[in-house]
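A, B, ... follow the sequence lines: proteins, then strands. Residue 1 opens every chain.
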Protein chains: 2
Amino acid sequence: MRPTVHDIAAEAGVSLATVDRVLNARAGVRSETRLRVQAAVERLGYVRDVAAANLAKSRIYPIRFILPSGDNPFMRALEAHVRQVGNPALRPGGLERVAVSLDCVPPLDAPALAAALIKAGEDEPAGIAVVAVEAPEVAAAVRTLQARGIPVATLVSDLPASGRNHFAGIDNMAAGRTAGGLMRRFLSGSRGAVAVIAGSLSLRDHRERLDGFAQALREAGEGLTLLPVLEGEDDPAKVEALAKRLLAEQPDLAGIYSLGAGDRGLVRALAQTKMPRPQAVVVHELSDHTRQALEEGLVDAVLAQDPGHIARSAVRVLRAFADGLVFDPAQERIRIDIFLKDNLPPARQALSDPHLPTGE
Amino acid sequence: MRPTVHDIAAEAGVSLATVDRVLNARAGVRSETRLRVQAAVERLGYVRDVAAANLAKSRIYPIRFILPSGDNPFMRALEAHVRQVGNPALRPGGLERVAVSLDCVPPLDAPALAAALIKAGEDEPAGIAVVAVEAPEVAAAVRTLQARGIPVATLVSDLPASGRNHFAGIDNMAAGRTAGGLMRRFLSGSRGAVAVIAGSLSLRDHRERLDGFAQALREAGEGLTLLPVLEGEDDPAKVEALAKRLLAEQPDLAGIYSLGAGDRGLVRALAQTKMPRPQAVVVHELSDHTRQALEEGLVDAVLAQDPGHIARSAVRVLRAFADGLVFDPAQERIRIDIFLKDNLPPARQALSDPHLPTGE
DNA sequence: CAGATCCTGATGCACGTAAATCAAATTCTG
DNA sequence: CAGAATTTGATTTACGTGCATCAGGATCTG
């Protein structure tokens, strides 16, 4: 059996109360005694039983998520997963005692986001997770929260200058490079123009993807020229207009990299065009639209990040920060998923059969 | 606050003892009363506090892993992750109260594996996880365990005929197809021979990858001919010999797909050959060797599955089965990771800074 | 209707930890 | 050395659930 506080007390020759004081860093222990207790902890390999501790404290971890509103399918999928983590009945094991709440603010609206952050911190939550917009007022808000002892994790789009505790999302520079590498190999030998459609360059993830992509394409060196980046504001209608003009006016278009949202518009433009379609199309995030486009061959590769993983990871990490505990960075690393027609995951499953123990 | 058993008792107008009898499916409750209690559970949305329940039962989940011995780097990485999950100090949150034990048996030895399975089941563990070899005696052993109420999960290589409760690993058919799709795109236009090096076709994962690969290549239709499959028994020396002969005797070799282990041998052969190297090389599993080969351009893509995810997922799922609880299939789906030079993850990290609360 | 059987309630201990209270022992201060 | 301050011990309650025991009531059986 694992050692308990009682074993520590016996081993150190002190009382339970003193062990408790040391373990919870309470005052009123001579440093000599403290050392004795810590030595006993070492010797016996004591590890606090977090479940029992939380039970005793009847501690719950209030965690606030702040996501952009709007019809971006990826953000809505993320929202769905956040809600699932917040639902005790649907919550998978290991995410006990969290109370998740969720706020949406208009996308790309830095003042609104900063205000929402400050408001979210008002009732001392255990942690805040936010899809960041890169702006000074947002960074300031994050710093304010941290100064008040509230850990903050950024999701999807980072804000390193704010000193946030953690970023749950992919390495967007690497994602851009990957897109570039795929594009280069898919176009091996051919010459032509390559277009990039972004959402907004005020989103750090979009900027980083662009940088990585440009870098990989430059290394390629072959006859591929990168066209000036287009900004579609993640809006399907605007993206569709941009893509249509691109297809009409750029006869030597060899590839398109869409690194933001609004791919519905891009797919529509590709499906309707009478011009020859570009040889390689790479987009981001798996949705019903991009999945179908991949199956139909309108899109050649989808780079993605798993919104379920992001939601669960953010909760785990924020809880670890709130308790000053360790977490496993390898487990929390969000992978860059590459989907081709051949490795599309099955469409969306429900939970496994709930043979709940309430029956007989 | 979440409702507790006390709330259920009050709501249903019965005593705590009766609620306990219903919740734990114990005998001695009139069905009318049982229904009243269940209705109260429904109404209040009661969810059992598993942490408190396990504390009360002082339940631990003994989980046994059976892995192949030998120097296969992927299996050794899997072993390392299994040991980490078994270590209370290193274990990431959410995997509480498990006692992991680990046995290794010689690879590809079905009788030894079957014997190890039966032995592992002797002291009634909460679950068994095993890398399966496809053989009747292994399937029979798994069925025996299940008949005794012990849930079994297969890892990496499946054994569906055994009726195992769960498979923690990738969809190997899809992995083979993905390799084929990548190969086809990487070789777009060119003609030539494509070689496949497997470990052993008595491993189901290898057979499935081969099937998927052949299928994708056939669909391609272009001038690519698939050479007869080679079996290297996952042994670097044998793989090296096979690859050297291949490179020497097959002048029109356009691609190599290595779907088993022993890639160290393949990389050596590629590095040393004086013949022109094949245009596309795809291998499985990320190790120091394959990582370096990818960086040096000897290998073009690595398909992989995350051993850490597999180890953690197996424990979560087996625990859920042991308790008859739900789990989230999406969370437990093992992804097919595609690594290119551009999206290699950072080399191997330690746990996050352990600001343990034992200090002051 | 006596006795057996079944259903239900009441109660208490246990799990490992947190946290509070009060008393006693030790050390420090003047 | 008295008095205050600090450190330590002992004890209790609580968290939500599991599990066992005992007693009393209801229902059934012969």
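Proximity note for A:Ala52 (side chain, C-beta onward) versus C:dT17, D:dT7, D:dT17: the nearest is C:dT17. In this structure, the nucleotide among C:dG9, D:dA14, D:dT17 sitting nearest to the side chain of A:Ala56 is D:dA14.
Between A:Arg21 and D:dT8, a side-chain N or O to OP1/OP2 separation shorter than 4.0 Å is absent. Contact check, A:Arg26 against C:dA19: a side-chain N or O comes under 4.0 Å of OP1 or OP2. When the side-chain nitrogen and oxygen atoms of B:Ser58 are compared with OP1 and OP2 of C:dC15, none of them lie within a distance under 4.0 Å. Close to C:dG9, at under 4.0 Å from its OP1 or OP2, lies a side-chain N or O of B:Thr18. Phosphate contact (OP1/OP2 of C:dC15, side-chain N/O of B:Arg97, threshold under 4.0 Å): absent. Within the 4.0 Å cut-off from OP1 or OP2 of D:dG16, not a single side-chain nitrogen or oxygen of B:Thr4 is found.
Formation of a donor-acceptor pair under 3.5 Å by the A:Asp7 side chain with backbone atoms of A:Thr4 is found in this model. In this structure, the side chain of A:Asp158 does not engage the main chain of A:Phe167 through any donor-acceptor pair within 3.5 Å. No donor-acceptor pair closer than 3.5 Å links the side chain of A:Asp323 to the backbone N or O of A:Leu325.
Atom P of nucleotide C:dC6 and atom CD of B:Glu32 are separated by 19 Å, given to the nearest angstrom. Atom CZ of B:Arg30 and atom P of D:dA26 are 11 Å apart (whole Å). The CZ atom of B:Arg59 sits 18 Å away from the C1' atom of C:dG16 (whole-angstrom rounding). Per the geometry, CG belonging to B:Asn24 stands 6 Å off P belonging to D:dC19, to the nearest Å. A:Leu16 places its CG atom 14 Å from the C1' atom of D:dT13, with the value rounded to the nearest Å. One can place CG of A:Asp323 at 13 Å from C1' of C:dT17, the figure rounded to the nearest angstrom. Following rounding to the nearest Å, A:Asp49 (CG) and C:dA18 (P) show an atom-to-atom distance of 9 Å. Summarising the geometry, the separation between NZ on B:Lys57 and P on C:dG16 is reported as 15 Å, rounded to the nearest angstrom.
Side-chain atoms of B:Ser162 and B:Arg143 form no donor-acceptor pair, as typed in the model, at a separation below 3.5 Å.
By the 6.0 Å and 45° rule, A:Arg97 does not stack over the aromatic ring of A:Tyr61.
Residue contacts for B:Asp20: at a heavy-atom cut-off of 4.0 Å it reaches a base atom on one of the strands shown. Base engagement by A:Ala17 is indicated by at least one non-hydrogen atom pair under 4.0 Å involving a base atom. Among the atoms of the strands shown, only primed sugar atoms or phosphate atoms (P, OP1, OP2) are found under 4.0 Å from some heavy atom of A:Val14.
Take the nearest nucleotide of DNA chain C for A:Val50 and for B:Ser15: the residue whose nucleotide is more 5' is B:Ser15. Residue order along DNA chain C, read from the 5' end via each residue's closest nucleotide, puts B:Gly13 first among B:Leu55 and B:Gly13.
Taken from CD1 in B:Ile118 to CZ in B:Arg148, the straight-line distance is 7.5 Å, to the nearest 0.5 Å.
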